[in-house]
Protein chains: 2
Amino acid sequence: MTTTGSPLTSTDKPRRGRPRGAPEASEARQKLIRAGLEHLTEKGYSAVGVDELLKAAGVPKGSFYHHFKSKADFGLTLVTAYNDYFVELLDRAFLDEARAPLDRLRVFTDAAAEGMARHGFRRGCLVGNLGQEMGALPDDFRAALTGVLEGWQTRTTRLLREAQAQGQIGPDLDPEALAETFWIGWEGAVLRAKLELRPEPLHRFAATFFCLIENRSPTITQKAERTQP
Amino acid sequence: MTTTGSPLTSTDKPRRGRPRGAPEASEARQKLIRAGLEHLTEKGYSAVGVDELLKAAGVPKGSFYHHFKSKADFGLTLVTAYNDYFVELLDRAFLDEARAPLDRLRVFTDAAAEGMARHGFRRGCLVGNLGQEMGALPDDFRAALTGVLEGWQTRTTRLLREAQAQGQIGPDLDPEALAETFWIGWEGAVLRAKLELRPEPLHRFAATFFCLIENRSPTITQKAERTQP
DNA sequence: GATTTAATGGACGGATTGGTCTAATAAAGG
DNA sequence: CCTTTATTAGACCAATCCGTCCATTAAATC
């Protein structure tokens, strides 16, 4: 029970053949993911063929199906990769204690707008793209996508709670509801910016959202959601 | 210059062969459009094949390419058909003078939510779907889609102006900016509702939007868009 | 009935789809 | 060197893609 040890304790295992390089570090795998993100954020899942990705990444088909068991599996991998990248962007903005909470949200929206501008507003949000294609996607995408959005929203809720604790937004507002509204609208803004190839939709929505929560008369509450008359 | 008259004056022309039936009334054409709307609002443009539509509509391929010169042409036809249907829905709600302007907007959002519910939240907005796929679509789609959204926004702007004239929303608000924000966010809400297969995103966004414009302290203006400091 | 045009019906075609398969190469331990 | 496993390489496959083609049927005028 020493050498043929169970795969559970993976640290001290001198296995036989060529070692699996760092699980995610394979160059081909990374190039495929990069190409996938570029193409899918621009054209969506259904419109992008595997061969197209292979050519873009300069990788043969054998590698693709070695690292991913199907196009769908690859797509799900892209979702987590995109989420990793995005959460980092989000946290960098949201956890910057040097700024006031609401300013951090502004930092994020500005950064995201710059990001879209860098690609000529031709690339949207992978989550939004795939969400709209759900009808044509394998079912596990749904949970993956909603889960990702939940994560973004949770972070935003925390930020807004902090803003509330610091009195930057009224105590009558519901941070969770606001965070949900923010991401609903922001995805819409990204879609629109991509359609019109310009940043105005992003700015418009951000401006309205900030106007909604800043300096509001405390008599207007968001929490009360229309009790029946 | 009587019988072979130019095609410009089309009323009194006893042409030779079988007359082109009502230009849009062909049964096959209509069945194709109906099937197209169902399938494309659910799965998007790229994910739906022509053959799939033919089977759904019970129409042979010859008919399809007789009525439409390509799949793209068919797609553009769908956009206008969808717009026609949608504008009617919109006007029915927005022009109902028996109600206060803001209530009419509420009537629309409720009706739209019901509409999505009828199809199990599996169908989204054709314009939103195609917008997200723009990267994979022929270029003329862009103008068509933005034009459609502009039309919806114009109607909404008029409605909000009326609301403003009647004092239902503050005189400090900018109806045009509000209308734009509404459609940015509403498309996001539809996308989210389709992803999560439930109406809450629609309700959440609508509630927030109404809360934004109703009963607001007149000191907060939407028009002032951050002059530089 | 002959002619002309509209519309249907579906076989067919070349290109592309996602995916499989096998051979070759690489990198490690024995 | 031999074995074992990882990875690359791309030929190949059945299915589907969008679109063309032509023969047939339908409905009108002459």
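What you are looking at is a predicted structure, and each value in this text was computed from that prediction instead of being measured.
The distance between atom NZ of A:K43 and atom C1' of C:dT17, rounded to the nearest whole Å, is 14 Å. Residue B:E27 contributes atom CD, which lies 16 Å from atom C1' of D:dT25 at whole-angstrom precision. Distance A:L54 CG to C:dG19 P: 12 Å, rounded to the nearest Å. Counting to the nearest Å, the P atom of D:dC17 and the CZ atom of B:F74 are 14 Å from each other.
For B:A47, the side-chain contact (heavy atoms from CB on, under 4.5 Å) partners at least two apart in sequence or on another chain are A:S46, A:A136, B:K43. Shown here are the side-chain hydrogen bond (donor to acceptor under 3.5 Å, both in side chains) partners of A:E180, two or more places apart in sequence or in another chain: B:R204. Taking the ring-ring contact (aromatic ring centres under 6.0 Å, His included) definition, one finds that A:Y45 meets it with A:F141, sequence neighbours left out. For B:E150, there are no salt bridge (Lys or Arg N to Asp or Glu O under 4.0 Å) partners at least two apart in sequence or on another chain. When the side-chain contact (heavy atoms from CB on, under 4.5 Å) test is applied to A:L197, the partners found at least two apart in sequence or on another chain are A:F121, A:R122, B:R142. Among residues two or more places apart in sequence or in another chain, the ring-ring contact (aromatic ring centres under 6.0 Å, His included) test is passed with B:F74 by B:F64, B:F68.
Against DNA chain C, the stretch residues 31-42 of chain A makes no heavy-atom approach under 4.0 Å.
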Show each protein N/O and nucleotides 19-23 of chain D N/O combination with a separation under 3.5 Å, one pair to a line.
from	atom 1	to	atom 2	distance (Å)
D:dG19	OP2	B:Y65	OH	2.9
D:dG19	OP2	B:K71	N	2.9
D:dG19	N7	B:K61	NZ	3.1
D:dG19	O6	B:K61	NZ	2.6

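For residues 72-87 of chain A, every residue pair satisfying the side chain to side chain donor-acceptor pair (under 3.5 Å) rule, not counting sequence neighbours, is listed here: A:N83-A:W152.
OP1 or OP2 of D:dT7 has not a single side-chain nitrogen or oxygen of A:S63 nearer than 4.0 Å. Residue B:H66 places none of its side-chain N or O atoms closer than 4.0 Å to OP1 or OP2 of C:dG9. An OP1 or OP2 oxygen of D:dA6 is reached within less than 4.0 angstrom by no side-chain nitrogen or oxygen of A:H67.
A:E162 has no carboxylate O lying under 4.0 Å from a charged side-chain N of A:R158, or vice versa, which leaves the two without a salt bridge.
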